[in-house]
There are 2 protein chains.
Amino acid sequence: MESTQDIVKKISDAGLKITPQRVTVLQMLCKLKNHPTADELFAEVSQILPGLSPTTIYNTLDTFVEKGLIKRVKTDADVMRYDAITDHHHHLYCAVSDRMEDYFDPELDRILSDYFNKKQISGFSVSDIRLQLMGDFNENNKN
Amino acid sequence: MESTQDIVKKISDAGLKITPQRVTVLQMLCKLKNHPTADELFAEVSQILPGLSPTTIYNTLDTFVEKGLIKRVKTDADVMRYDAITDHHHHLYCAVSDRMEDYFDPELDRILSDYFNKKQISGFSVSDIRLQLMGDFNENNKN
DNA sequence: AAGTTAGTTTGTAATATTTACAATTTAGAA
DNA sequence: TTCTAAATTGTAAATATTACAAACTAACTT
Ligand SMILES: [Mn+2]
Ligand SMILES: [Mn+2]
Ligand SMILES: [Zn+2]
Ligand SMILES: [Zn+2]
């Protein structure tokens, strides 16, 4: 889906130098849909680039977040996770399995932005509305 | 607002022993509206109970979460925060100041639960809808 | 009221995650 | 090809949290 060309262009457009580490990290983050942690990314990218330093993972992710190429996401658990999808979206999250999936819903977004256009919150101006839908992935109902 | 009697009853009803540490932690968490971290709680509660161990803060908070007396909340920053309000509510959050405030809105909740009653998400059953309203507290507009 | 004990707290050490920093390497401009 | 700012690496430090065993205590029993 996301070609190496696109990846390279994204990094380049952000004014960053193209390095194997950066390309591979971003590529891996695009491929993994599970909102991985720095540690998970380190494990995956290490297989492609042996000798990779954990520091590079943290540096790279921070830089990408700073440049808006990726986003941080958090769950109820303790570790930071990362998301290659920067377009506005929400998350389905199961606290038991700590599994998190993307949820896109333009109709819902319309309803919410209409609502908050009418209803002003005193002392606070809303710039982004993020939903976390808590629940269960029906991993049983697999007949 | 929240009397010591109430605090004690809450802890007791959860099947836990009443200790000065637990009473003071829960009392402090009720008083502080800023969704404090374990560290902030340790600092505050230490003033009342000198000799308090950080471990006790972590133990106590974990126990309270387990028993449903308090909730964990997360921001985009790295540290876990805690919330004495267990009733359903949402959060206003400013990423710049890392400030987080409670937001109650039954009308919105109605709209959302109506929406998700109609619109089923395949493979996922929603049990709780949490909004994080990103934005700015208008800390300038103080004339 | 004293005795008993399971539950709680404490202190220390370990783990996990993340950051700081200086030396080395490298991408990409000149 | 040369040069340099930027990036990566390795190590050590900081931060946040957890594990664990000894000491203590709330509250039940007598
Ligand atoms: Mn941390
Ligand atoms: Mn941690
Ligand atoms: Zn996502
Ligand atoms: Zn809250």
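Quick note on labels: first sequence line is chain A, next is B, and so on, each numbered from 1.
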Contact list (N/O, under 3.5 angstrom) for nucleotides 27-30 of chain D vs protein:
residue : atom : partner : partner atom : Å
D:dA27  : OP1  : B:I18   : N            : 2.7

How many whole angstroms separate atom [atom1] of [X] from atom [atom2] of [N]?
{"X": "A:F64", "N": "D:dT8", "atom1": "CZ", "atom2": "C1'", "value": "13 Å"}
{"X": "B:M80", "N": "C:dT17", "atom1": "CE", "atom2": "P", "value": "13 Å"}
{"X": "A:D62", "N": "C:dT18", "atom1": "CG", "atom2": "C1'", "value": "9 Å"}
{"X": "B:I11", "N": "C:dG7", "atom1": "CD1", "atom2": "C1'", "value": "14 Å"}

- Going by heavy atoms in the side chains, are A:F42 and A:L52 under 4.5 Å from each other? yes

- Does the side chain of A:K17 reach to within under 4.5 Å of the side chain of A:R22, using non-hydrogen atoms? yes

Is any NZ, NE, NH1 or NH2 atom of the basic residue among [X] and [Y] found under 4.0 Å from an Asp or Glu carboxylate oxygen of the other?
{"X": "B:R81", "Y": "B:D83", "value": "no"}
{"X": "A:D62", "Y": "A:R72", "value": "yes"}
{"X": "B:K119", "Y": "A:E107", "value": "yes"}
{"X": "B:K31", "Y": "B:E2", "value": "no"}

- Does B:Q21 make a side-chain N or O approach to OP1 or OP2 of C:dT10 shorter than 4.0 Å? yes

- hydrophobic_cluster_shared for B:Y58 and B:V23, side chain cutoff 4.5 Å: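 Hydrophobic grouping puts B:V23 apart from B:Y58.
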
- Message: Donor-acceptor pair, distance only, cut-off 3.5 Å: does the side chain of A:S127 make one with the backbone of B:M134?
- Response: yes

- So which of residues 35-61 of chain B are in contact with DNA chain D, with a heavy-atom cut-off of under 4.0 Å?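 Contacting residues: B:T55, B:Y58.
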
